[in-house]
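Since the structure comes first, as structure tokens, the remarks are kept for the end.
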Amino acid sequence: MLDLRYVVDHLEPVRARLARRGGAYGPLLEEIAGFAAERRTAIIESERIARELNDATAAMAKIADKKSPDFAAAREKNRALGDQRKVFELQQAQAEASIAERLQSLPNEPDDSAPDGLDEEHNVEVKRWGTVPTMDFAPKDHYDLGVALGILDFERAVKLSGPRFAVLWGQGALLERALISFMLDMHTREHGYTELCTPYLVKDSALFGTGNLPKFADQLFRIATSDERTYDLYLIPTAEVPVTNLHADEILADEQLPRKYTAFTPCFRAEAGAAGRDTKGMIRQHQFDKIELVRLERPEDSDAAHETLTRHAEQVLERLGLHYRRVLLCAGDMGFSAKKTYDIEVWLPGQQKFREISSCSNFGDFQARRAGLKYRPADDGKGKAKPRLLHTINGSALAVGRTLVAVLEQYQQADGSVIVPEALRPYCGGLERITPRR
RNA sequence: GGAGGAGUGGCCGAGUGGUUGAAGGCAGCGGUCUUGAAAACCGCCGUACCGGGAACGGUACCAGGGGUUCGAAUCCCUUCUCCUCCGCCA
């Protein structure tokens with residue numbers, strides 16, 4: 001969420017920046033400015049009366065005889081003041097509701113470094129690592145490979161849960177587990193992240209904090225409530241949600257920064273509107289495993305932290321020897337809450353193209369404002385520093401299912417077996433090659 | 001699921017309708033003292049919003065929401081959370 005005062009004081013630049021995302025936000029911004037003016041006059045009036053009322057009430061407390069005519073007169077006067085005040089309070093509340101509804105629907109401002117463009121055609125490749133694996137045979141995709149090896153089972157998943165699920169068998173399940181441990185060990189031991197194990201069900205307030213609600217409810221699985229509960233629970237679409245909200249409504253001390261967290265969780269996505277896209281295989285599932293990195297940073301450190309975090313994600317692929325590229329998303333292709341995003345795309349020989357395996361974003365203070373993530377700067381001078389909003393940065397490091405897909409496809413052999421990347425072998429009991437399940 | 005109890009500032013803890021944003025203590029910050037440290041003493045020490053260039057002034061907040069009242073941390077309703085006992089259970 002953008003700051004109300006900032007928006008009102010910078011209507012035109014905000015409109016111009018948001019326009020780069022492809023929407024016409026001018027009318028909405030004008031409405032916000034109008035309601036902001038209404039809100040302000042209502043507050044001024046309501047507070048003026050409140051002060052008068054407080055003074056009068058204090059005076060009444062000093063009248064000894066509560067049955068005197070003076071007391072009765074004062075009571076009547078205050079009653080009238082109270083009624084007046086309610087009118088302005090109601091005005092204020094209505095204006096604020098109107099503002100909130102509109103402000104919440106505004107996406108974050110794209111960073112100046114995000115290129116122009118409205119779709120992925122305009123994303124900019126900024127680096128490429130490794131080379132396309134050489135194969136003197138026609139590479140299969142992970143679906144054919146996995147099913148032939150007996151490690152991926154989509155038919156039985158349909159029986160259990162419908163489309164967009166998978167069952168992993170034997171060495172497939174082992175590989176998934178190995179990837180999880182490998183990535184977590186790397187981020188905790190080498191990159192200094194603190195591992196968290198979080199709830200997979202969260203309240204709507206957490207989803208509001210990251211920007212998933214109220215706008216993107218159709219992407220979420222909501223858990224039906226029994227009538228004992230007054231709030232709904234949702235399956236997390238990413239660990240970003242519980243981890244980013246971990247310190248919601250706290251004011252962290254300067255010396256606690258930066259916070260660097262990593263978490264493994266399954267992720268659940270409704271994939272509404274994705275009908276027909278990636279219907280085959282494990283690329284787009286209702287449930288998938290992911291290792292997430294989340295950082296809470298001082299504003300002045302967030303750009304550098306974003307670069308560092310992106311490198312941490314890339315290093316997973318490098319350690320696994322997987323060919324990839326990094327892409328800087330254009331303004332129109334970024335998520336709602338992000339101001340700058342790098343996608344990491346891994347090469348899939350079966351599709352002969354790069355596919356997203358990680359998305360690393362700097363959100364500036366957009367999520368922090370929604371979630372109430374603040375810190376108190378170290379007071380260098382004599383002044384006691386006021387709390388400031390943090391910046392949030394996060395990225396997948398990595399999506400485990402898609403990593404499994406990439407390993408299968410890039411390490412496949414002519415005979416249909418798959419070599420296990422060296423870095424992974426300690427995590428699979430020394431397994432060197434995946435061969436058909438008997 | 002059944003029966004009780006409780007939610008006050010970073011922490012502990014007073015306060016049951018009238019200068020209480022809230023006593024006192026701890027922690028923290030600044031200072032005096034000290035070779036240094038400790039102790040002692042003095043001062044400071046919540047957040048958000050509104051006005052203001054600022055100094056500063058004002059309003060709101062005692063788990064959340066609603067109500068009663070001229071006036072609520074204090075009374076009423078409701079939701080949530082935590083604790084104790086019983087039941088069930090990975």
Side-chain angles (χ1 to χ4, degrees), chain A residues 1-9 32-100 103 197 199-206 208-209 223 225-234 245-257 259 266 365 368-390:
Chain A
M1 193 161 66
L2 299 176
D3 178 61
L4 175 61
R5 282 185 96 115
Y6 168 77
V7 169
V8 169
D9 291 345
I32 289 172
F35 285 118
E38 274 182 35
R39 167 178 178 269
R40 197 167 70 141
T41 51
I43 287 175
I44 290 170
E45 280 308 300
S46 146
E47 290 192 353
R48 201 202 78 233
I49 296 170
R51 182 178 189 183
E52 200 177 327
L53 204 48
N54 286 345
D55 291 346
T57 295
M60 285 180 73
K62 293 195 177 110
I63 299 177
D65 181 2
K66 308 295 189 203
K67 294 201 165 85
S68 69
D70 282 355
F71 192 86
R75 187 166 56 203
E76 286 315 306
K77 191 184 164 205
N78 277 0
R79 213 195 296 263
L81 274 176
D83 289 344
Q84 279 182 47
R85 188 186 173 199
K86 282 203 175 72
V87 173
F88 290 111
E89 281 180 333
L90 184 64
Q91 270 182 25
Q92 179 188 345
Q94 287 171 341
E96 284 178 351
S98 301
I99 290 166
L103 213 49
C197 190
Y200 305 153
L201 291 170
V202 295
K203 297 193 281 190
D204 56 0
S205 56
F208 178 82
I223 302 302
T225 59
S226 58
D227 39 18
E228 314 138 35
R229 282 200 188 278
T230 55
Y231 55 85
D232 293 334
L233 289 173
Y234 295 80
N245 284 283
L246 187 68
H247 293 292
D249 297 320
E250 294 180 22
I251 299 173
L252 299 175
D254 187 76
E255 56 266 28
Q256 290 178 274
L257 298 176
R259 306 309 298 165
D365 61 15
R369 185 170 294 105
R370 291 176 153 241
L373 299 168
K374 298 184 179 180
Y375 79 107
R376 192 181 301 280
D379 49 334
D380 30 355
K382 292 286 180 230
K384 46 280 161 201
K386 288 274 172 243
R388 293 175 73 194
L389 290 171
L390 288 159

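In what follows, every heavy atom counts, from backbone to side chain, and hydrogens, waters and symmetry copies are set aside. In what follows, chains carry the letters A, B, and so on, assigned in the order in which the sequence lines appear, proteins first and then strands, with residues in each chain numbered from 1.
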task: Report the residues that fulfil salt bridge (Lys or Arg N to Asp or Glu O under 4.0 Å) with Asp70(A), sequence neighbours left out, ordered by chain and then residue number.
output: none
- request: Give Ala74(A) one of three labels, base, sugar-phosphate or nothing, depending on what nucleic acid heavy atoms sit under 4.0 Å from its own.
  value: nothing
For residues 90-100 of chain A, run the donor-acceptor check on the side chains, cut-off 3.5 Å, and write out each pair with its distance to 0.1 Å, sequence neighbours left out.
| from | atom 1 | to | atom 2 | distance (Å) |
| --- | --- | --- | --- | --- |
| Gln92(A) | NE2 | Glu96(A) | OE2 | 3.1 |
| Glu96(A) | OE2 | Arg39(A) | NE | 2.7 |
| Ser98(A) | OG | Gln94(A) | O | 3.0 |

query: Looking at Glu76(A) and Arg79(A), does any basic side-chain N land under 4.0 Å from a carboxylate oxygen?
result: yes
Base-pairing mate for rU84(B) - Watson-Crick or G-U, with both contacts under 3.5 Å: rA3(B)
message: Between rU81(B) and rU8(B), how many Å separate the two C1' atoms, rounded to a whole number?
response: 15 Å
message: The side chain of Thr57(A) is closest to which nucleotide in this list: rC50(B), rG18(B), rU47(B)?
response: rG18(B)
task: Provide the Watson-Crick or G-U wobble partner of rC45(B), both distances under 3.5 Å; none if there is no partner.
output: none
query: Between Arg48(A) and Glu76(A), who's closer to the 5' end of RNA chain B by nearest nucleotide?
result: Arg48(A)
task: Side chain of Ile43(A) only, please: which of rU59(B), rU47(B), rC50(B) is the nearest?
output: rC50(B)
message: Applying the Watson-Crick and G-U wobble criteria at under 3.5 Å, what pairs with rA38(B)? Answer none if nothing qualifies.
response: none
message: Short of 4.0 Å, heavy atom to strand atom, which residues of residues 82-93 of chain A count as contacting RNA chain B?
response: Arg85(A)
- prompt: Quick one: which of rC70(B), rC50(B), rG46(B) gets closest to the side chain of Asn78(A)?
  reply: rC70(B)
